[in-house]
*Asks:* 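The structure is given below, and queries will be raised subsequently.
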Amino acid sequence: MDSKAFISSLKDWVGKEVTLSGWLYNNRPSGKVQFLILRDGTGLCQCVIERGKIADDLYDALSRLGQESSLSITGTVRAEPRSPGGYELAACGAQIHGPATDYPITPKEHGIDFLLQNRHLHLRSQRPWCIGRIRHTVIDAIRRFFNDNGFILVDTPIFTTIAGEGEQTLFEVDYFGQPLHLAQTGQLYLESAAMSFGRVYCFGPTFRAEKSKTRRHLTEFWMVEPEVAYIDLKGLLELAENFVTSIVQRVLKDNRCELETLGADITGLEKIVPPFVRLTYTETADILASQKTVDFMARQLAEFVDQKAKYEKELADLEAQEAAGGLKKWQQEKNARRVLELRAEIAELEIKIENNPKHAQLAAGFRWGKDLGGSDETIISLMHDKPVFVTHYPRDAKAFYMKTDRSSGKVVENFDLLAPAGFGEIIGGSLREDDYQELFKRIEEEGYNPQSYQWYLDLRKYGSVPHGGFGLGVERTVAWITGEKHIRQCIAFPRLMDKIYL
RNA sequence: UCCCCGAUAGCUCAAUAGGUAGAGCGAGCGGCUGUUAACCGCUAGGUCGCAGGUUCGAGCCCUGCUCGGGGAGCCA
């Protein structure tokens with residue numbers, strides 16, 4: 001008797017006969033035995049097919065089967081360290097469902113454009129699979145954290161009339177003849193819900209028409225936003241650090257295997273526990289313009305140059321070996337692979353070497369009053385191995401709804417959270433201006449029409465309370481945790497500036 | 001909107017100083033009892049992004065365009 005099983009639970013089936021259904025990941029046939037790697041969505045398993053144990057014509061059909069053909073294999077489970085998941089299947093039967101030929105994505109390297117053109121298939125590959133599973137954990141941890149801490153979920157509208165940040169980064173839509181735009185934040189709606197439930201959060205897609213072609217930007221991304229009544233900035237920072245810590249700890253617990261496959265910095269993630277670093281904007285500005293940063297950037301540059309020289313030497317050595325000849329075929333192959341890796345690393349370093357002086361110059365020229373740029377955030381986050389809160393930005397550089405710090409008048413009670421090791425911003429948040437007159441003034445200063453904000457102003461008219469919240473970008477969080485360089489890999493179907501593949 | 005880089009076989013990349021295009025993978029066929037992006041042999045596969053120009057001769061040099069990558073601004 002055989003039973004249906006999933007690869008992730010094979011440890012419970014050792015010695016028993018089961019049927020696995022999935023897709024062919026790779027096949028290594030030989031005359032008398034073939035090793036067939038099956039993936040079923042829960043993992044990879046090596047299936048051993050011996051000639052004689054199954055019908056000859058089935059054996060031959062299997063050996064000719066193309067990558068990603070769908071099939072079921074029946075066999076006995078046994079522990080086998082040489083199999084990807086630690087267990088293998090000694091096959092006694094198989095059924096081919098959908099043979100595939102010429103699957104475009106091979107086990108070799110591909111360029112990013114090709115992979116995005118084939119994103120519908122690329123999702124089956126190891127890296128997207130690992131990242132997708134971690135994303136699932138991150139989202140589950142987010143919901144659990146808020147649900148377990150007394151937050152009520154409020155779904156805010158996607159078609160909206162109201163702008164959170166500046167007015168220029170919105171996607172306009174024609175709503176039965178009326179111009180509307182896609183939500184770039186649920187925050188303003190959430191503030192009114194917080195006055196009902198006390199602690200609320202919203203979680204959904206967010207749309208921004210920013211023309212940013214960088215590895216940190218998508219035009220459609222997922223953001224979770226908590227909003228809390230009766231909270232001060234100190235409380236908000238504590239909430240944020242407990243929140244981020246809970247996400248990281250959950251991934252460490254549930255997805256260690258995926259993190260290892262991806263080559264993520266697990267020891268770095270293990271350091272993510274409260275308290276995080278706290279800096280004010282003013283302190284940050286001083287650091288950026290200081291000799292410390294000049295030295296830091298110089299040291300970074302020297303490291304890059306040094307590393308590049310090392311890679312170049314290795315590359316030259318490999319090429320010399322190649323030219324000398326006499327290498328075994330497999331050694332040539334291995335070298336060729338390393339050469340590709342080295343070229344990619346060198347290209348990456350060249351970009352860093354090129355950007356370093358520009359970023360150093362931007363930092364050195366930093367003057368109080370400017371918003372922190374992406375490169376400035378990178379520098380600060382590179383200096384720490386824990387997340388960094390930067391608080392109290394200049395009022396003029398920030399959105400109208402942020403609460404002016406009453407002790408200075410020039411800064412707002414806000415914060416950004418920078419993920420460590422150079423990743424940069426994953427959270428932006430603030431206390432909200434809760435005084436009617438102050439808020440009205442700010443709306444006018446920004447040139448907005450107060451009438452559009454009538455209901456928002458109402459919240460300050462009827463029982464206003466100190467309150468605040470923040471937004472965490474899911475893809476950025478996933479990219480930081482997984483060590484993925486580009487956030488387009490952290491969502492199944494990314495929307496990029498000027499580009500939608502599928 | 002601005003700055004930098006790139007486009008050669010289905011894929012990833014080579015082509016020294018301008019001299020009529022190569023490798024690996026993938027595909028097809030054959031071989032191999034345990035492989036780990038297996039290995040060995042053979043076969044097929046290219047209008048060098050597009051349009052001009054320089055030259056006896058252009059993948060390589062020049063101009064324009066298209067597409068892609070990275071970065072600045074802005075931000076999650």
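Throughout, protein chains are lettered first and strands after them, A, B, ... in sequence-line order, and every chain is numbered starting at 1.
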*Asks:* Looking for any heavy atom pair under 4.0 Å, which part of the strands does A/Ile427 touch: base, sugar-phosphate only, or nothing?
*Replies:* sugar-phosphate
*Asks:* In whole Å, I'd like the distance from the CG atom of A/Asn356 to the C1' atom of B/rC4.
*Replies:* 16 Å
*Asks:* Tell me if a side-chain donor or acceptor on A/Trp129 pairs with a main-chain N or O of A/Gly41 at a distance below 3.5 Å.
*Replies:* yes
*Asks:* What does B/rG19 pair with, Watson-Crick or G-U, if both distances are under 3.5 Å?
*Replies:*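 With both distances under 3.5 Å, B/rG19 matches B/rC56.
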*Asks:* Distance between the C1' atoms of B/rG59 and B/rU20, in whole angstroms?
*Replies:*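 Each nucleotide's C1' atom is 12 Å from the other's.
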*Asks:* Now, which nucleotide makes the Watson-Crick or G-U wobble pair with B/rA51, with each of the two distances under 3.5 Å?
*Replies:*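 WC or wobble partner is B/rU63.
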*Asks:* A/Lys213 near the nucleic acid: base, sugar-phosphate alone, or nothing, with a heavy-atom cut-off under 4.0 Å?
*Replies:*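 Answer is base: heavy atoms of A/Lys213 come under 4.0 Å of a base.
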*Asks:* Categorize A/Gln361 for me: base, sugar-phosphate, or nothing, with a 4.0 angstrom heavy-atom threshold over every strand shown.
*Replies:* nothing
*Asks:* Between B/rA21 and B/rC67, how far apart are the P atoms? Round to whole Å, please.
*Replies:*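 Looking at atom P only, B/rC67 and B/rA21 are 31 Å apart.
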*Asks:* From B/rA72, B/rC75, B/rU35, pick the nucleotide closest to the side chain of A/Thr214?
*Replies:* B/rA72
*Asks:* Quick one: on RNA chain B, does A/Lys32 or A/His486 contact a more 5' nucleotide (nearest heavy atom)?
*Replies:*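 Taking each residue's closest nucleotide, the earlier one in sequence belongs to A/Lys32.
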*Asks:* Heavy atoms only, 4.0 Å cut-off, all strands: where does A/Gly373 land among base, sugar-phosphate and nothing?
*Replies:*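 Sugar-phosphate only.
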*Asks:* Base of B/rG34, side chain of A/Glu50 - is there a donor-acceptor contact under 3.5 Å?
*Replies:*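 No.
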*Asks:* Would you mind telling me which residue lines up with the more 5' stretch of RNA chain B, A/Ile351 or A/Leu218, judged by nearest nucleotide?
*Replies:*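 Nearer the 5' end of the strand: A/Ile351.
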*Asks:* Round to a whole Å and report the spacing from CG of A/Leu116 to P of B/rC11.
*Replies:*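 Distance, rounded to whole Å: 15 Å.
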*Asks:* Quantified in whole Å, what is the C1' atom distance between nucleotide B/rC40 and nucleotide B/rU35?
*Replies:* 15 Å
*Asks:* Taking OH from A/Tyr393 and C1' from B/rA76, how many angstroms apart are they, rounded to a whole number?
*Replies:*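 Spelled out: OH on A/Tyr393 to C1' on B/rA76 is 13 Å.
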*Asks:* B/rA76 base stacked by A/Phe221? Criteria: ring centres under 5.5 Å, plane angle under 30°.
*Replies:*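 Yes, aromatic ring over the base.
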*Asks:* Using a cut-off of 4.0 Å on non-hydrogen atoms, how would the nucleic acid contact of A/Tyr501 be classed: base, sugar-phosphate, or nothing?
*Replies:*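 The answer is sugar-phosphate, as A/Tyr501 gets under 4.0 Å only of primed atoms, P, OP1 or OP2.
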*Asks:* Any side-chain donor-acceptor pair under 3.5 Å between A/Tyr189 and A/Thr160?
*Replies:*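 Judged by distance alone, the side chains do pair up.
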*Asks:* For nucleotides B/rA37 and B/rC11, find the distance between their C1' atoms and express it as a whole number of Å.
*Replies:* 14 Å
*Asks:* If only side-chain N and O atoms of A/Arg28 are considered, is one of them under 4.0 Å from the OP1 or OP2 phosphate oxygen of B/rA38?
*Replies:* yes
*Asks:* Using the P atom on both, measure B/rA9 against B/rC75 and round to a whole Å.
*Replies:*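 Looking at atom P only, B/rA9 and B/rC75 are 42 Å apart.
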*Asks:* Which is true for A/Asp416 with a 4.0 Å heavy-atom rule: it touches a base, it touches only sugar-phosphate, or it touches nothing?
*Replies:*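 It contacts nothing in the nucleic acid.
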*Asks:* Have a look at A/Arg215 and say if it touches a base, only the backbone sugar-phosphate, or nothing, with a 4.0 Å heavy-atom cut-off.
*Replies:*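 Sugar-phosphate: the residue A/Arg215, judged by heavy atoms under 4.0 Å, touches backbone atoms but no base.
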*Asks:* Does either side chain, that of A/His467 or that of A/Glu191, offer a donor lying less than 3.5 Å from an acceptor on the other one?
*Replies:*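 On atom types as modelled, these side chains qualify, holding a pair under 3.5 Å.
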*Asks:* Using Watson-Crick or G-U wobble geometry with both distances below 3.5 Å, tell me the partner of B/rC42, or none.
*Replies:* B/rG28
*Asks:* Of the listed nucleotides (B/rC75, B/rG71, B/rG34), which one gets closest to any side-chain atom of A/Glu88?
*Replies:*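 Nucleotide nearest to A/Glu88's side chain: B/rG34.
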*Asks:* May I have the distance from A/Gln67 (atom CD) to B/rG26 (atom P), rounded to whole angstrom?
*Replies:*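 About 9 Å, once rounded to whole Å.
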*Asks:* Is a side-chain donor-acceptor pair under 3.5 Å present for A/Glu210 with A/Thr219?
*Replies:*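 Side-chain D/A pair, A/Thr219 to A/Glu210: absent.
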*Asks:* Compute the centroid of each ring, for A/Phe243 and then for A/Phe146, and state whether the two points are separated by less than 6.0 Å.
*Replies:*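 Under 6.0 Å, so yes.
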*Asks:* Under the side-chain hydrogen bond (donor to acceptor under 3.5 Å, both in side chains) test against A/Tyr401, which residue among A/Gln187, A/Arg442, A/Glu446 passes?
*Replies:*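 The passing option is A/Gln187.
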*Asks:* Classify the side chain of A/Ser212 and the base of B/rC75 as holding, or not holding, a donor-acceptor pair under 3.5 Å.
*Replies:*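 Under the 3.5 Å cut-off, the side chain and the base do not form any donor-acceptor pair.
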*Asks:* Can you check whether A/His217 has a side-chain N or O nearer than 4.0 Å to OP1 or OP2 of B/rG71?
*Replies:* no
*Asks:* With a 3.5 Å cut-off and just heavy-atom distances, do the side chain of A/Gln46 and the base of B/rU35 make a donor-acceptor pair?
*Replies:* yes
*Asks:* What integer number of Å spans the P atoms of B/rC60 and B/rU8?
*Replies:* 13 Å
*Asks:* I want to check one thing: is the phosphate of B/rC25, taken as OP1 and OP2, less than 4.0 Å away from some side-chain N or O of A/His110?
*Replies:* no
*Asks:* Quick one: A/Phe114 CZ to B/rA7 P, roughly how many Å, whole number?
*Replies:* 18 Å
*Asks:* Does OP1 or OP2 of B/rA38 have a side-chain N or O of A/Asn26 closer than 4.0 Å?
*Replies:* yes
*Asks:* Rounded to the nearest Å, what distance is computed from the CD1 atom of residue A/Ile112 to the C1' atom of nucleotide B/rC67?
*Replies:* 16 Å
*Asks:* About how many Å separate NE2 of A/His392 and CD of A/Glu413, when rounded to the nearest 0.5 Å?
*Replies:*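 Reported to 0.5 Å precision, the distance equals 5.0 Å.
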*Asks:* Counting only side-chain nitrogens and oxygens, does A/Arg78 get under 4.0 Å of the OP1 or OP2 atom of B/rG34?
*Replies:* no
*Asks:* Taking atom C1' in both B/rG45 and B/rG22, what distance in whole Å separates the two?
*Replies:* 13 Å
*Asks:* Can you tell me the pairing partner of B/rU1 across any strand shown, Watson-Crick or G-U wobble, with both distances under 3.5 angstrom?
*Replies:*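 Matched B/rU1 with B/rA72 under the 3.5 Å cut-off.
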*Asks:* Just say parallel, tilted or perpendicular for the rings of A/Tyr281 and A/Tyr393, cut-offs at 30° and 60°.
*Replies:* tilted
*Asks:* In whole angstroms, how far is the C1' atom of B/rG70 from the CG atom of A/Leu496?
*Replies:* 13 Å
*Asks:* Indicate, with a heavy-atom threshold strictly under 4.0 Å, whether A/Thr477 touches base, sugar-phosphate, or nothing.
*Replies:* nothing
*Asks:* Select base, sugar-phosphate, or nothing to describe what A/Glu377 touches, counting heavy atoms under 4.0 Å on all strands.
*Replies:* base
*Asks:* Could you tell me how far apart A/Leu115 (CG) and B/rG10 (P) are, to the nearest whole angstrom?
*Replies:*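 Rounded to whole Å, this separation is 17 Å.
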*Asks:* Any base atoms under 4.0 Å from A/Glu80, or only sugar-phosphate, or nothing? Heavy atoms, all strands.
*Replies:* base
*Asks:* Check whether any side-chain heavy atom of A/Pro494 lies under 4.5 Å from a side-chain heavy atom of A/Arg119, and answer yes or no.
*Replies:* yes
*Asks:* Base, sugar-phosphate or nothing for A/Pro29? Non-hydrogen atoms, less than 4.0 Å.
*Replies:*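 Touches a base.
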*Asks:* Considering only the C1' atoms, how many Å lie between B/rG57 and B/rC50, rounded to the nearest integer?
*Replies:*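 The answer is 22 Å between these two C1' atoms.
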*Asks:* In the strands shown, is B/rU36 matched to any nucleotide by a Watson-Crick or G-U wobble pair with both distances under 3.5 Å, and which?
*Replies:*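 Pairing partner: none.
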*Asks:* Could a donor-acceptor pair under 3.5 angstrom be found where the side chain of A/Arg476 meets the base of B/rC75?
*Replies:*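 Indeed there is one.
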*Asks:* Out of B/rG70, B/rA72, B/rA27, which has the shortest distance to the side chain of A/Asp102?
*Replies:* B/rA27
